[in-house]
Each structure stands twice: as structure tokens, then as C-alpha cells.
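All remarks here apply to the structure that follows.
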Amino acid sequence: MQNLELADQYHQDGLALLAEQRVLEAIDAFKQAVDLRADYAAYHKDLALAYEQSKNRSLAITCWKNVLEYHRDGELRELANTHLAQLKY
């Protein structure tokens with residue numbers, strides 16, 4: 001399996017785990033996806049949301065900053081800015 005496919009599989013696993021409220025396991029899966037494809041803002045977004053659910057503010061902020069770095073415009077950027085403002089970055 002190629003890295004992109006593997007990254008997507010980890011991401012999908014993370015989404016399924018998050019839906020089951022298995023937040024720490026979801027974080028691990030999202031981190032695997034990010035490790036394989038660090039330039040994909042959507043993976044950072046979902047990792048940030050999982051960190052928010054786990055009450056890890058500092059890591060959530062880091063992930064939202066990564067979203068801004070890898071996604072230069074559009075709704076995802078607006079979402080990141082909204083979350084950073086709510087986290088009082």
C-alpha cells in the first residue's frame with residue numbers, strides 16, 4: 001500500500017474511532033496519517049478536533065496552526081481561525 005493510501009486509511013480509522021468516542025485511539029490514528037502526509041490540512045484539522053475533545057489545548061493550537069500553514073484559503077482556513085480564536089491563541 002502506498003503512503004497516500006495508508007495515510008487515508010489511518011485518517012478513516014481515526015474518524016470511525018472519533019465517532020465511537022474513542023478519542024485517544026483516534027488521536028493515534030490521525031497522528032499516523034499526519035506522519036505519512038504532513039502537508040494535508042484535513043488530517044491536521046481532524047487531529048486538532050480530537051485534541052480539543054481530549055482537552056489538550058496546546059496540541060490543538062499547534063494542529064490548527066498547521067492547517068493554516070498547509071491550507072492557504074477557503075473554508076478550512078476560516079475554520080482554523082475560528083477555533084484558534086475560541087482557544088484564545
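- Follow the hydrophobic side-chain contacts under 4.5 Å out from Leu49 and you never reach Val23; the two are in separate clusters.
- With hydrogens and angles disregarded, a donor-acceptor distance shorter than 3.5 Å links the side chain of Arg57 to the backbone of Leu87.
- In this view, Asn56 and Ser58 satisfy the side chain to side chain donor-acceptor pair (under 3.5 Å) rule, not counting sequence neighbours.
- Cluster partners of Leu4 are absent, since no Ile, Leu, Val, Met, Phe, Trp or Tyr has side-chain heavy atoms less than 4.5 Å from it.
- Partners of Glu78 according to the side-chain contact (heavy atoms from CB on, under 4.5 Å) rule, which considers only residues two or more places apart in sequence or in another chain, do not exist here.
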Considering only distance and modelled atom types, tabulate donor-acceptor pairs under 3.5 Å from the side chains of residues 27-48, sequence neighbours left out.
from  : atom 1 : to    : atom 2 : distance (Å)
Tyr43 : OH     : Asp8  : N      : 3.3
His44 : ND1    : Asn66 : ND2    : 3.4
His44 : NE2    : Ala38 : O      : 2.7
Asp46 : OD2    : His11 : NE2    : 2.5

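- Of the N and O atoms on the side chains of Gln86 and Trp64, not one donor lies less than 3.5 Å from an acceptor on the other residue.
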If you look only at distance, which donor and acceptor atoms sit under 3.5 Å apart when one is on a side chain in residues 70-77 and the other is two or more places apart or in another chain?
from  : atom 1 : to    : atom 2 : distance (Å)
His71 : NE2    : Asp73 : O      : 2.7
Arg72 : NH1    : Glu69 : O      : 3.1
Arg72 : NH2    : Glu69 : O      : 3.2
Arg77 : NE     : Arg72 : O      : 3.4
Arg77 : NH1    : Leu68 : O      : 2.8
Arg77 : NH1    : His71 : O      : 3.1

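- Considering only residues two or more places apart in sequence or on other chains, Tyr10 meets the ring-ring contact (aromatic ring centres under 6.0 Å, His included) condition with none of them.
- No chain of hydrophobic side-chain contacts below 4.5 Å, direct or via other Ile, Leu, Val, Met, Phe, Trp or Tyr residues, connects Leu59 to Leu17.
- Partners of Arg22 under the salt bridge (charged side-chain N to carboxylate O under 4.0 Å, His left out) rule, at least two apart in sequence or in another chain, are Glu20, Glu25.
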